[in-house]
Amino acid sequence: MVRPHGANGETTMMQQIRNTWKELVEKELAIYATEVLGTAEALQGAPSLTVQKPPKPELGDVAFPMFAYAKSFRMAPNKLAEILRDRLSAKSDLPIGELLVAGPYLNVRVDIAALATEVHQSVNREGDAYGCGDIFAGKKIMVEFSCPNTNKPLHLGHLRNDAIGESISAILKANGADVLKVNLINNRGVHICKSMLAYQKFGNGETPESAGIKGDHLVGKYYVKFAQWEKEDPGVTAMAQDMLKKWEEGDPEVLSLWTLMNGWTLDGVAETYKNTGISFDKYYYESNTYMLGKDTVLQGVRKGVFYKEDDGSVWIDLAEINLDKKVLLRKDGTSLYLTQDIGTAISRHGDWPFDSLIYVVASEQTYHFKVLFHVLEKLGYPWASDLHHLAYGMVNLPEGKMKSREGTVVDADDLFEQLTLLAMSEIKEKERENAVGDVRATSEAIALGALNYFLLQVNPMKDMVFNPSESISFSGNTGPYLQYMGARIHSMIRKFSEVAKDYEGIAFDGSLLSLQEERELVKLIAGFGEVVQEAGRDLNPSAIAAYLYELSRLFSKYYHDHPILKAPSAPLVRARVSLVSMVLQVLRNAYALVGIPFLESM
RNA sequence: GCGCCAAUAGCUCAGUUGGAUAGAGCAACAGCCUUCUAAGCUGUGGGUCAGAGGUUCGAAUCCUCUUUGGCGUACCA
């Protein structure tokens, strides 16, 4: 697991404000304890002062519950809150802000004018970097995700994997990490041989060009064909195993077919990546790393970490971690999933000595990674403790589970096209063709935002139901809604720029932002950095998604109820335009973390 | 059988250092467009936070047990 920096981390504006008040309240509590109880020791038993956010804005912006001290002071928490408010309010060197009591809570209303001014400066100064922090500064973090098989195209499950991997990488970078995104192409093994055998038997020299379909889909067709063939003639299963043996022995004919078909699949997959905004810094191929895995396992046998059965297979006994025995090499000497992952990990650490390697892989493989990490530790690699499995749950459909046998697996390309077409028809229905310009490109951006947002708004750990039509729905908590808010602000700013010269002499005045919605917006903007930290610490993109929705919803209500460009006075127009510009900057920065394209118009 | 994970509104999901009346969206119903893009805004109804115990001033949140569901426990990946 990645360890964030401790106190070195830069604190955000809201954190600073909270910390300042917290220290003040703590100090006053201690002084008061000394006065009435004779000693501050009485507070030792009580937990340290907790800081929270009041549930309603009317109650203030920062809250200190007094429950925990009631016992020490033998006083109702309400009374204690009042006393502390009175004592603190009497001080002359208080930071700006207002103390109030709400029942058993001592709350602080922060000075929005000052905060707005500070936020305005930060957002303008930092721009696209606003919200970024340094809790992972100096850390080299490798993130593995996607990892397609070369015998079929990507499906909906990969899309969740890709979305999480891409988002986590962006979030870690935003927290200062040096991130290397890596893919592992699963291009060898019995399953790969299956599509090759079927192609040999039924292919008739068909190619993606001659068939007019993407290479990954073509190869996938033969993988499915093999399954049918296998049903009719169970003997072919052994043929696949024989072919794998030949492949590992370097049989030229097998290798040339393998190269050809792998190329087809990878070309097709590359196109899907391009459409869905996925990219990698480095590709690993199991065909290149499995030998290192095999050698390492054999070394392990010599070291006595593993043992060989009479039939030649190699095993590890996992009693130490309360698991069973696990095979590492087959009796025919060919390697397995685990074997090649050992080689891959070692070769990666050699290439780029990471502080952490995060595997974004479905939770069904939790056991596999537990074993893998243990094996590497037993082999004596000190970095084995830096490996982390980010498990995510399954993606189901409203109709139930996706089952390849029943053909209910949702193909990634088909889904993306379907979403794009829905977006296109919506643009046409709203007669926005001229406004958006390139309808196809805009529709693809909407489809992508819809897809990523839907997939990322759910906590990765949980299984989820993916509803395609709901994801692209243009009303409600969806990607298109978020994009729409960005487009609306962009449109306002464009209109403002036409008259900007009339406002040249007018400076931003934060004290004019006195509406409830404005206070809330300023606070939300100020709190973005904390959300980025939280998302990084927990490896959880859904924190960003939730923030985006909250900010968008609040902005939406704000501009609906209050004029921006036609605000009653020029200074107010300036202040409000500046505020919504800040909202846009933060929206864009947050979009970038969850794969939502920014659209100037939609 | 054993292990890991989950369970919050009819549906999909938020909700962590334990804290104020548990929140959104969809669906339903009712309003709002001569006004910065109505892909919007507002309101109404809707909850045994799976159940039972426990810890605590205070539990959706922590602990124990139970129930239900998912996943795993391959010489597949």
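Letters A, B, ... mirror the listed sequences (proteins, then strands); counts begin at 1.
- Contact annotation: A:Arg488 does not reach the phosphate of B:A39 (side-chain N/O to OP1 or OP2, under 4.0 Å).
- The stretch residues 440-453 of chain A participates, sequence neighbours left out, in these salt bridge (Lys or Arg N to Asp or Glu O under 4.0 Å) pairs: A:Glu417-A:Arg440, A:Arg440-A:Glu444.
- Aromatic ring centres of A:Tyr481 and A:Tyr549: separated by under 6.0 Å.
- Comparing the same atom, P, in B:A60 and in B:G23 gives a spacing of 12 Å after rounding to whole Å.
- Rounded to whole Å, the C1' atom of B:A38 lies 24 Å from the corresponding atom of B:G45.
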Do any side-chain atoms of residues 322-330 of chain A form donor-acceptor pairs under 3.5 angstrom with protein atoms, and if so which ones, sequence neighbours left out?
| unit_1 | atom_1 | unit_2 | atom_2 | d |
| --- | --- | --- | --- | --- |
| A:Arg330 | NH1 | A:Thr334 | OG1 | 3.0 |
| A:Arg330 | NH1 | A:Ser335 | O | 3.2 |

Strand RNA chain B as a dot-bracket string - pairs counted if Watson-Crick or G-U with both distances under 3.5 Å, | where the partner lies in another strand: (((((((..((((.....[...)))).(((((.......))))).....(((((..]....))))))))))))....
Base versus backbone protein contacts along nucleotides 4-15 of chain B [heavy-atom cut-off under 4.0 Å; B, S, -]: -SSS----SSS-
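- Taking side-chain N and O atoms only, A:Ser475 has no distance below 4.0 Å to OP1 or OP2 of B:A39.
- Nucleic acid contact for A:Leu565: base, since at least one base atom lies under 4.0 Å from a heavy atom of the residue.
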With a cut-off of 3.5 Å and sequence neighbours excluded, list every side-chain donor-acceptor pair involving residues 154-162 of chain A.
| unit_1 | atom_1 | unit_2 | atom_2 | d |
| --- | --- | --- | --- | --- |
| A:His155 | ND1 | A:Gly157 | N | 2.9 |
| A:His158 | ND1 | A:His155 | N | 3.1 |
| A:Arg160 | NH1 | A:Gly393 | O | 2.8 |
| A:Arg160 | NH1 | A:Lys462 | O | 2.9 |
| A:Arg160 | NH2 | A:Asn459 | O | 3.3 |
| A:Arg160 | NH2 | A:Pro460 | O | 3.3 |
| A:Arg160 | NH2 | A:Lys462 | O | 2.9 |
| A:Asn161 | OD1 | A:Ser146 | N | 2.7 |
| A:Asn161 | ND2 | A:Val360 | O | 3.0 |
| A:Asn161 | ND2 | A:Tyr392 | OH | 3.1 |
| A:Asp162 | OD1 | A:Ser146 | OG | 2.7 |

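- Between B:C57 and A:Lys71, a contact under 4.0 Å exists linking OP1 or OP2 to a side-chain N or O.
- Across the P atoms, B:C63 and B:G25 are found 32 Å apart, a figure rounded to whole Å.
- Taking the six-membered ring wherever Trp is involved, the centroid distance between the rings of A:Tyr359 and A:Phe369 falls below 6.0 Å.
- A:Tyr223 meets the ring-ring contact (aromatic ring centres under 6.0 Å, His included) test with no other residue; sequence neighbours excluded.
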